[in-house]
Amino acid sequence: MKTLLTHRLSQSEIKQLCASTHGAHNNHLKEELYQLTLDDDRRVAVNALWTFTHFAAADNVWLFAKHDQLIDRCMNEQDTTKLRLILSILLRQPFEKETVRTDFIDFCLARFTDARAPYAIRALCIKLAYEQMKYWSELLNELRQMLDLISNEPLSPGLRSAWRQVMKKIKA
């Protein structure tokens with residue numbers, strides 16, 4: 001598997017990797033792929049993460065057990081591509097009221113208000129902040145205020161879209 005991940009992957013190769021790890025009987029291959037997300041070779045790690053973003057919903061459930069580990073990785077990741085991919089993976093996971101981590105809420109709030117952060121990371125952090133804060137009205141008010149603050153700056157189309165989506169959910 002590592003050999004395949006050492007070069008630029010085509011869409012068909014991604015589909016092949018997803019198919020080869022499909023189903024509970026291939027959980028050992030999912031674990032192998034997950035371990036490759038930690039590889040020292042940046043391309044291998046990025047390709048492994050990218051593959052996880054293409055997992056079918058049924059296979060994505062396997063990643064739920066890695067939830068806290070993925071959050072920890074986010075908060076320490078320096079590579080923006082890896083961070084964007086990990087955030088994308090986390091956005092496909094449920095955030096339960098009982099297990100929400102305040103350190104990750106703070107991370108998301110800090111990232112989406114940082115004008116120097118890449119737009120994709122900011123947009124993902126807006127959505128992730130909402131997914132975690134939606135259980136408490138006082139936190140939603142705080143989120144709305146922070147979103148109001150960034151609405152005055154020039155936002156990319158993707159960031160503006162994430163902003164609109166979350167504001168619509170807050171007002172609902």
Side-chain angles (χ1 to χ4, degrees), residues 18 24 27 30-31 33-38 42 45-172:
C18 289
N27 283 351
K30 289 181 188 78
E31 183 62 40
L33 183 62
Y34 184 80
Q35 290 307 314
L36 290 170
T37 70
L38 302 164
R42 181 183 181 276
V46 166
N47 282 340
L49 287 165
W50 193 45
T51 301
F52 277 117
T53 67
H54 288 80
F55 263 32
D59 290 318
N60 191 52
V61 171
W62 180 86
L63 278 169
F64 294 0
K66 307 287 187 189
H67 189 80
D68 280 331
Q69 189 178 18
L70 289 166
I71 288 173
D72 291 339
R73 288 178 65 184
C74 274
M75 294 191 294
N76 295 307
E77 186 58 63
Q78 300 300 313
D79 185 297
T80 56
T81 301
K82 290 180 189 177
L83 177 58
R84 178 180 48 80
L85 292 168
I86 296 169
L87 290 170
S88 296
I89 291 167
L90 282 168
L91 193 55
R92 297 181 68 197
Q93 296 193 351
F95 284 85
E96 303 298 330
K97 184 177 183 178
E98 302 77 30
T99 58
V100 167
R101 290 178 43 179
T102 56
D103 58 341
F104 190 53
I105 291 174
D106 292 342
F107 172 86
C108 290
L109 294 175
R111 284 298 175 121
F112 89 67
T113 57
D114 182 359
R116 298 168 307 197
Y119 290 134
I121 289 173
R122 293 179 72 190
L124 288 164
C125 284
I126 287 173
K127 293 176 182 181
L128 285 164
Y130 172 78
E131 288 303 319
Q132 297 171 85
M133 299 168 85
K134 66 185 176 185
Y135 301 108
W136 300 279
S137 59
E138 60 276 4
L139 290 181
L140 278 180
N141 283 333
E142 181 183 340
L143 179 59
R144 182 183 306 133
Q145 290 170 0
M146 294 183 85
L147 288 169
D148 284 341
L149 281 175
I150 70 163
S151 70
N152 296 323
E153 65 181 78
L155 302 177
S156 72
L159 194 52
R160 174 71 60 195
S161 174
W163 183 91
R164 265 194 227 106
Q165 289 170 27
V166 169
M167 287 299 275
K168 186 176 179 180
K169 288 178 182 178
I170 290 173
K171 292 175 181 175

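Every heavy atom of this structure was used, including side-chain atoms; hydrogens, water molecules and symmetry mates were not.
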Checklist entry - Do the side chain of Ser88 and the main chain of Arg84 share a donor and acceptor less than 3.5 angstrom apart? => result yes
Checklist entry - Do the rings of Trp62 and Phe52 sit parallel, tilted or perpendicular, given the 30° and 60° boundaries? => result parallel
Next on the checklist: Determine whether a donor-acceptor pair (N or O, by modelled atom type, separation under 3.5 Å) exists between the side chain of Gln93 and the backbone of Leu63.
Outcome noted: yes
Checklist entry - Do you know which two heavy atoms are closest between Leu140 and Met133, and how far apart they sit? => result CG-O, 3.7 Å
Item to check | Gap separating the CG atom of Asp68 from the CG atom of Asp72, nearest 0.5 angstrom | outcome: 6.5 Å
Next on the checklist: Tell me the closest heavy-atom pair linking Arg111 and Cys125, and the distance in Å.
Outcome noted: CB-SG, 3.5 Å
Next on the checklist: Would you compute the distance between atom CG of Leu147 and atom CZ of Arg144 and round it to the nearest 0.5 angstrom?
Outcome noted: 9.5 Å
Next on the checklist: Distance check, rounded to the nearest 0.5 Å: Thr113 atom OG1 versus Glu153 atom CD?
Outcome noted: 9.0 Å
Next on the checklist: Looking at every non-hydrogen atom in both residues, tell me the closest pair between Arg101 and Asp103 and how far apart they are.
Outcome noted: NH2-OD2, 2.9 Å
Item to check | Phe95 and Leu128: CA distance, side-chain angles, deciding distance, side-chain contact (heavy atoms from CB on, under 4.5 Å) verdict | outcome: CA-CA 9 Å; Phe95 284 85; Leu128 285 164; 3.6 Å; yes
Next on the checklist: For a quick test of reading the model, state the closest non-hydrogen atom pair linking Phe55 to Cys18 and the distance between them.
Outcome noted: CD1-SG, 3.8 Å
Item to check | Between CZ on residue Phe64 and CG on residue Leu90, distance to nearest 0.5 Å | outcome: 10.5 Å
Next on the checklist: As a quick check of understanding, evaluate side-chain contact (heavy atoms from CB on, under 4.5 Å) for Arg42 and Thr81, giving each step before the final call.
Outcome noted: CA-CA 10 Å; Arg42 181 183 181 276; Thr81 301; 3.0 Å; yes
Item to check | Geometric class of the Phe107/Phe104 ring pair [parallel <30°, tilted 30-60°, perpendicular >60°] | outcome: parallel
Next on the checklist: When you compare the side chain of Ile105 with that of Leu109, does any pair of heavy atoms fall below 4.5 Å?
Outcome noted: yes
Item to check | Atom pair CG (Asp79) and CZ (Arg73), whose distance is rounded to the nearest 0.5 Å | outcome: 10.5 Å
Checklist entry - For His67 and Ile71, what are the C-alpha separation, side-chain angles and deciding distance, and is it a side-chain contact (heavy atoms from CB on, under 4.5 Å)? => result CA-CA 6 Å; His67 189 80; Ile71 288 173; 3.5 Å; yes
Checklist entry - Quick one: do Arg92 and Glu131 make a salt bridge, cutoff under 4.0 Å? => result no
Checklist entry - Are Leu85 and Lys82 close enough, and set up right, to give a side-chain contact (heavy atoms from CB on, under 4.5 Å), and what steps lead you there? => result CA-CA 5 Å; Leu85 292 168; Lys82 290 180 189 177; 5.8 Å; no
Checklist outcome for this item: Correct closest heavy-atom pair for Thr37 and Ala45 would be O-CB, 3.3 Å
Next on the checklist: Would you say that Leu143 contacts Lys134 through its side chain, given a criterion of any heavy-atom pair below 4.5 Å between the two side chains?
Outcome noted: no
Checklist entry - How long is the gap from CG on Asn27 to CG on Asp59, to the nearest 0.5 Å? => result 8.0 Å
